[in-house]
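See below for the structure under consideration.
Protein chains get the first letters and strands the later ones, always in sequence-line order, with residue 1 at the start of each.
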Amino acid sequence: MADLPIVRFEEKIIETVEKNPVVVVIGETGSGKSTQLSQMLYKRGYAKSGMIAVTQPRRVAAVSVSRRVAQEQNVRLGEEVGYAIRFEDRTSEKTHIKYLTDGVLLRESLFNPELNQYSVIILDEAHERSLNTDILLGLMKRLIKWRHSNLKVLITSATLDGGKVSRFFSDCPVLTVPGELFPVEIVHISERPKNYVEASLKTAIDIHVREPEGDILIFLTGQDDIEKLVMKLEKKIQSLDEGSCLDALILPLHGSLPPEMQVRVFSPPPPNCRRFIVSTNIAETSLTVDGVVYVIDSGYVKQRQYNPSTGMYSLEVVQISKVQAKQRAGRAGRTRPGKCYRLYPSMVYHDDFLDATVPEIQRSSLAGTVLYLKSLDLADMDILKFDFLDSPSIESLEDALKQLYLVDAIDENGSITSLGRKMAELPLEPSLSRTLLEANELDCLSQALTVVSMLSAETTLLPAPSKISEKKRKHTPSNLPDGAGLGDHIQLLQIYEQWYQTDYNIDWCKENNLQVHGMVFVRDVRKQLSQIMQKIAKGSLDVQTSKRRRDSPQEYRILRKALCIGYANQLAERSIRHNGYRPLGFKSELVQVHPSSVLKADEDGMLPNYVVYHELIVTSRPFMRNVCAVEMRWVAPILAKLEKLNVFKLSGGSSQPDKQIQEVTLNVEKKEIATIQSPEDRDSRIQAARERFLARKGQK
DNA sequence: CAGCGAAGG
């Protein structure tokens with residue numbers, strides 16, 4: 001066993017776990033918690049009545065950590081030590097220590113709520129507060145109380161606020177294990193720069209000229225800024241006197257780079273050469289670059305945010321949290337003492353930065369999460385009162401309930417329907433799982449499987465067009481199908497069917513500018529979904545190629561109907577006079593069809609009266625991305641449903657319908673209905689709503 | 001016309 005700091009605490013850890021059902025272990029980077037905790041517990045016999053599970057927020061981490069543990073245990077990976085991630089289960093009957101993604105553990109818990117196969121569950125990297133880990137935290141709190149067989153839960157994290165988690169788990173003990181990082185000197189700039197790309201350039205060049213060897217890692221927010229800085233750095237370094245300093249190798253690093261470009265940061269630099277790695281927050285946690293001695297931290301990050309009252313997402317540049325700033329600085333101290341240059345004053349850090357990043361659960365649409373929790377049938381379950389470490393807003397939960405009602409996953413009283421149960425079994429957003437189930441009824445399942453799979457990978461399909469490569473692409477018109485003018489879902493279907501006809505030819509993807517990895521992922525998703533649908537499928541699951549003429553609108557009519565019913569929560573109505581749309585069921589302004597859409601206007605230049613959309617995203621303006629034309633006759637029942645919508649009742653507030661206390665303002669209703677004011681705490685709001693309801697009831 | 005932080009089933 002390696003000589004890691006955590007080993008010295010073995011006795012203390014075992015003793016604490018022995019006496020307590022839940023233990024929080026705080027361990028900085030390099031403490032060895034991810035690899036050693038599971039082995040310690042295994043050695044002490046904790047795997048006798050079940051496996052030891054260790055969750056990770058990321059697939060690569062689950063694989064790489066399990067591989068290391070298998071090595072240390074001197075066993076073959078997949079036998080005594082294994083891992084499970086989507087599409088890949090490398091465990092066997094022999095397995096005692098199992099690494100898995102938090103998402104996989106959630107799926108397992110859907111089919112075995114007591115998780116009896118495990119005697120110990122370790123939630124690793126809990127400080128990252130991934131949506132899935134947050135749900136698991138809530139479930140673990142219930143499980144340690146209700147499970148019949150014995151269960152030990154360990155929550156491990158780097159810089160998490162241990163006190164908070166401890167309070168969440170009825171004041172469970174917190175053990176702190178030191179990390180093994182070298183000291184990192186922090187340098188703050190005295191004033192925030194106007195342009196942080198320029199400021200990064202200047203700082204990087206200063207380091208290059210003055211400081212001894214060691215790679216520089218620069219954190220910016222996105223691809224655009226990264227490309228700008230890479231170009232500026234190249235120009236500037238060329239202009240420096242040859243031989244006056246080290247050679248330089250400049251590497252961009254972000255998620256839209258093809259994997260072969262990403263792995264370049266793992267190959268060691270040539271001798272006498274300094275690397276400049278210009279990165280997004282991907283290098284904060286997901287990828288660890290060796291050899292970094294200097295970090296330049298812009299203090300910003302791009303974050304996706306969901307607004308439950310408008311149903312819109314936005315991707316905004318926001319200040320990082322203190323936790324993130326520490327994490328970034330720590331990247332400089334992995335191999336020897338380092339330096340971190342922060343492009344913001346220390347006052348900003350202390351006074352402006354949040355202590356911790358806003359957890360994902362407070363920034364996402366929760367339709368899928370709420371459906372998942374409903375399907376668990378927790379006995380004392382009131383979704384508005386589920387015990388989260390940090391609760392999402394009541395607006396967000398009500399929005400989720402409203403969406404689930406519109407797609408028939410819950411009934412008007414908020415109870416899960418049999419349809420909803422089937423939906424929860426599919427690893428998809430509710431609108432997509434609803435589409436699949438409807439397509440099964442309407443006999444277009446094979447097409448729907450393809451569309452839904454394509455959408456699951458949508459962002460990874462097209463190579464990220466950068467401003468630099470954009471000009472080239474404009475001269476190479478796409479040979480891809482156009483969705484028969486009916487919309488983007490149809491186009492995605494046609495693209496996949498064409499690929500299928502080439503027998504999944506990789507070169508075809510390249511010729512058509514489709515990311516190979518993305519398309520292979522779509523194929524995997526489609527296979528997985530087909531397997532799940534198999535037991536209830538009424539028609540064929542195989543990819544079918546069109547019997548009728550490819551651009552015949554009839555070809556896709558049934559599929560579009562299934563999409564309309566599936567996306568009942570993402571439906572928009574066109575204005576009478578122009579091509580702006582109003583999303584139905586949300587309080588929101590006009591939105592436009594995104595210019596990249598293949599949806600076609602009629603001879604008069606007008607777009608369809610109704611469309612469903614995959615996503616509402618605010619960039620320069622609010623846009624609908626991925627739209628599909630639907631027909632009025634399919635929309636009518638949804639409009640009727642929207643009119644009867646009673647969110648109060650959906651949230652289990654009453655068994656009596658009462659239209660007057662409807663809490664959301666809907667576009668379908670021409671009159672404005674007052675929304676509940678927002679008192680600070682949600683319990684008092686639930687109480688207030690109940691009192692108002694009772695008062696009204698009394699008046700009648 | 002506009003634009004893609006990171007992750008997961």
Taking the minimum atom-to-atom distance to the side chain of [X], which one of [options] wins?
{"X": "A:N281", "options": "B:dC1, B:dG9, B:dA6", "result": "B:dA6"}
{"X": "A:R107", "options": "B:dA6, B:dG5, B:dG9", "result": "B:dG9"}
{"X": "A:T280", "options": "B:dG9, B:dG5, B:dA2", "result": "B:dG5"}

Looking only at side-chain N and O atoms, does A:T285 come under 4.0 Å of OP1 or OP2 in B:dA6?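 For A:T285, the contact criterion (side-chain N or O under 4.0 Å from OP1 or OP2 of B:dA6) is not met.
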Does the side chain of A:R129 get closer than 4.0 angstrom to OP1 or OP2 of B:dA7 through an N or O atom? no
Between atom [atom1] in [X] and atom [atom2] in [N], what is the gap in whole Å?
{"X": "A:E316", "N": "B:dA6", "atom1": "CD", "atom2": "P", "result": "17 Å"}
{"X": "A:R59", "N": "B:dA7", "atom1": "CZ", "atom2": "P", "result": "11 Å"}
{"X": "A:E88", "N": "B:dG8", "atom1": "CD", "atom2": "P", "result": "13 Å"}
{"X": "A:D524", "N": "B:dG9", "atom1": "CG", "atom2": "C1'", "result": "13 Å"}
{"X": "A:L287", "N": "B:dA6", "atom1": "CG", "atom2": "P", "result": "10 Å"}
{"X": "A:Q324", "N": "B:dG5", "atom1": "CD", "atom2": "C1'", "result": "10 Å"}
{"X": "A:L315", "N": "B:dA7", "atom1": "CG", "atom2": "C1'", "result": "14 Å"}
{"X": "A:R363", "N": "B:dG5", "atom1": "CZ", "atom2": "C1'", "result": "9 Å"}

Using a 4.0 Å heavy-atom cut-off across all strands, classify [X] as base, sugar-phosphate, or nothing.
{"X": "A:T101", "answer": "sugar-phosphate"}
{"X": "A:I282", "answer": "sugar-phosphate"}
{"X": "A:F87", "answer": "nothing"}
{"X": "A:L106", "answer": "nothing"}
{"X": "A:V301", "answer": "nothing"}
{"X": "A:E360", "answer": "base"}
{"X": "A:R58", "answer": "sugar-phosphate"}
{"X": "A:R304", "answer": "base"}

Stacked cation flag A:R574 on A:Y581, 6.0 angstrom / 45 deg: no
Residue list, side-chain hydrogen bond (donor to acceptor under 3.5 Å, both in side chains) with A:R421, at least two apart or on another chain: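 By the side-chain hydrogen bond (donor to acceptor under 3.5 Å, both in side chains) rule, A:R421 matches A:D377.
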Restricting to side-chain hydrogen bond (donor to acceptor under 3.5 Å, both in side chains), what partner residues turn up for A:R58, sequence neighbours left out?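 A:R58: side-chain hydrogen bond (donor to acceptor under 3.5 Å, both in side chains) contacts with A:E128.
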Charged N-O contact under 4.0 Å between A:E108 and A:K98: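 Result for this pair is yes, salt bridge flagged.
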Is the distance from the ring center of A:H489 to that of A:Y567 below 6.0 Å? yes
Centre-to-centre under 6.0 Å for A:Y300 and A:F219, is that the case here? no
Upstream residue (5' side of DNA chain B) when A:Q303 and A:F623 are each assigned their closest nucleotide: A:F623
